[in-house]
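Below is one structure, written out as structure tokens; the observations come after it.
Remember, it's 1-based here, ligands and their atoms both numbered in the order they're listed. In this chain, numbering begins with 1 at the start of the sequence shown. Source: prediction; values computed, not measured. Hydrogens, waters and symmetry mates play no part in the numbers below; they use all other heavy atoms, side chains included.
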Amino acid sequence: MINLFVQTDKEGIILKCSPSTTQILGYKPHELIGRNVRTLWFDKKEHDFTKEIYLKNPKPTKNAEARFIHKNGDFLWLKFNTSPRFTEDGIYIGSDTIAMDITKQKEMEKTLLLYKNVIENTNEGIMITNSKNQIVYTNEAFSKITKYCLGEVMGKNPNILKSGLHDKRFYKKMWDDIDSKGFWAGEIWNRHKDDGIFPELLTINTIKNKKGDVENYIAIFTDISDLKKGEAEIRHMAMHDSLTNLPNRNMLSEILTHSIKSAKRQNELMALMFIDLDNFKLINDNYGHKKGDSVLIEAAKRLKLALREEDVVCRFGGDEFIVLLEHINSSKDAAKVAQKINQAIKAPFQTDDHSFYLSCSIGIALYPLDANDMEELIKNADAAMYQAKSNGKNRYSFYSLELSKKISKELSLENILRQSIEKNNFILYYQPKFSIKNSKIVGIEALVRWQSDKFGFMGPNEFIPIAEKTGLIIPMGNWILKRACLDIKEWHEKGLYYGDISVNVSGVQLEDENFSKTLKEILKTTKINPELLKLEITETTLMGDISQWQNKLEEIRKLGIDISIDDFGTGYSSLSYLAKLPVDELKIDKSFIDDIPKDKDACVIVKAIINLAKSLGCKTVAEGVENNTQKEFLKINGCDIIQGYLYSKPVPKKELEKLFV
Ligand code: C2E
Ligand code: MG
Ligand code: MG
């Protein structure tokens, strides 16, 4: 390190200086001599202030620091010692100064200060340990996160922060990485001073000396509790149904994948139940989605209550739930739970202003007996649920071999049905309707039959549901309508019969946007008077969004076609609902006719329907009339028309023609 020497008089005028000034300040000595030293100070005010004090009390100064101006205009830091010079009489006459350039050191100090500030002010916890892994430094954020101050941890091993959540292998892998790669990064759970644990994102780096020995480890970490909470919330949302807070399909599939594996490994039996609320749609449609939602929430609660803690219940969609029972001993266990669920759902659902009575149909499939994988297990439980529904709802049904045969029959039915539609392998049977007063034919209902090479002669209940499910009902329904129109036209032309003809139409046909266009076309091509055609639509089809049906039916009515509501009494139509629909005829459902006159409730309902029809200005038809007692009851109570085996079964066209005479 080079020093410079400067001698000044008491005013600060430079009298002498060493040649080294050239190296340090850029000036040659002769350029400085005679100049006031003040002109070299960078902070002139500081010079003046120092000088003022100095003049009052000149005494040696040690290690003072100040900035000076280099000849090139830059500033530099000098550290200097000044000794005053006095005459023998003690009068101050000037001073001698020895200085050295400390600019580099100053810059280093500044940088270090900056680092210190950064380290102290960062939100990341920083902990530095020595080669023995003893803590030698921690920053503010470390204390904020861990609740330990530096004094408490100084000299200690960082394992005071261990959460106990990770096993030895975890730490071994971490240290292996640090040793081999020089760093480790990952998520780790640590413990606060107050015992709570928290997740952190941690990086550990090693600092080595020139020889390559580790001198320090630097751990930098952030508390990621909030991030984890957010992640957990997002995961919860993705995996749960927002309405009932039950696990959703995604979660079910995760759980099932896992439980199927473990059942397989441990040779255990498990049951999957597919639960569907019966007629739930009616609540939604008639009382609104809010009520429907609260019923679903309550149903979810009841399902949970009916199950053990470890059983899984999830919302599969709409009004469908899935329950998973692991580790069961036999199908009996599942049956018991199903009974409990049926019971639980049967209790009335109470909302602010309504009580609802619901039931549910449950399909049960067992793993590994009924399925090889998750998809098959759900599919088979679903099929068993449909079985329970068609057995009369409010019950459970096990998946069985017969059911699987039925399903494969349905599949092959579907294929053959498709071909039959192309070949028109259908036949229309006709069942006449009779006036209750004079027993004359007043109408004819077309009922479709199917003659299949493989399955023989089949009634509509066997294939219409499949046709509806597959959409085949549209081309099939069009054929039926056209055939019926052509037949009625023929009878009229031959003078055999002058009444109208009723054709059953499915909800799927009605919902098809082209339906009225098709009707128009059929009327046009067959050239029949639209008044001869009546469409029978079942009451349950017409539930739900009233305005949608109102528009549909009015469109049909505008074409001149009549509308009859079939199987009336099985839905929940109210007078106010019906009054909004353009209806010409109500057909009392056969189930009520079966029970009259013995069953009082059935009698009351039949009478009420007849009165309802009267107040709406509609005719009433009683379907499925099989004996005279029924006929008499209906006659006394004012029913207009009867249809049933008492007079005639549905018959082929040629046989019907014999009845016209
Ligand atoms: P639906 O329209 O209510 O027809 C009445 C059903 O009861 C007919 O059964 C008929 O044969 C039967 N039936 C009539 N009188 C009696 C009786 O006195 N005793 C008994 N035990 N049964 C009687 P079918 O022909 O099997 O039709 C069943 C249902 O299939 C029909 O019920 C209707 O909803 C549907 N269907 C029939 N033909 C068609 C069609 O062309 N298109 C559509 N979409 N559905 C049809
Ligand atoms: Mg009908
Ligand atoms: Mg009917």
Any heavy atom of K590 under 4.0 Å from ligand 1? The part involved is side chain
Hey, is I464 touching ligand 1 through its side chain, its backbone, both or neither, going by heavy atoms under 4.0 Å? side chain
Less than 4.5 Å apart, side chain to side chain, heavy atoms only: is that true for L307 and V337? yes
Does NZ or CZ of R249 fall inside the cone over F316's six-membered ring, less than 6.0 Å from its centre and within 45° of the axis? yes
Which one holds for D567 and ligand 1: side chain close, backbone close, both close, or neither close, with close meaning a heavy atom under 4.0 Å? side chain
Under 2.8 Å from the Mg ion (ligand 2), the protein N, O or S atoms found are E445 OE2, N504 OD1, E536 OE1, D566 OD2
Below 4.0 Å, non-hydrogen atoms only: which portion of Q431 touches ligand 1? Side chain, backbone, both or neither. side chain
Report the part of D566 (side chain from C-beta onward, or backbone N, CA, C, O) that has a heavy atom under 4.0 Å from ligand 1; answer both or neither where that applies. side chain
May I ask you to check whether Y429 and F457 place their ring centres under 6.0 Å from each other? yes
Find out whether I546 and K580 are in side-chain contact, i.e. whether some heavy atom of one side chain is under 4.5 Å from a heavy atom of the other. yes
For G644, the ligand 1 atoms with a heavy-atom partner under 4.0 Å come out as 15 (N), 18 (O)
Is K291 positioned over the aromatic face of Y287, cation under 6.0 angstrom from the ring centre and no more than 45 degrees off axis? no
Any donor-acceptor pair under 3.5 Å linking the side-chain atoms of S397 with those of K389? no
Strictly distance-based, threshold 3.5 Å: is any side-chain N or O of Q431 a donor or acceptor partner for the main-chain N or O of S648? yes
Tell me which part of I480 gets within contact of ligand 1: side chain, backbone, both or neither, using heavy atoms under 4.0 Å. side chain
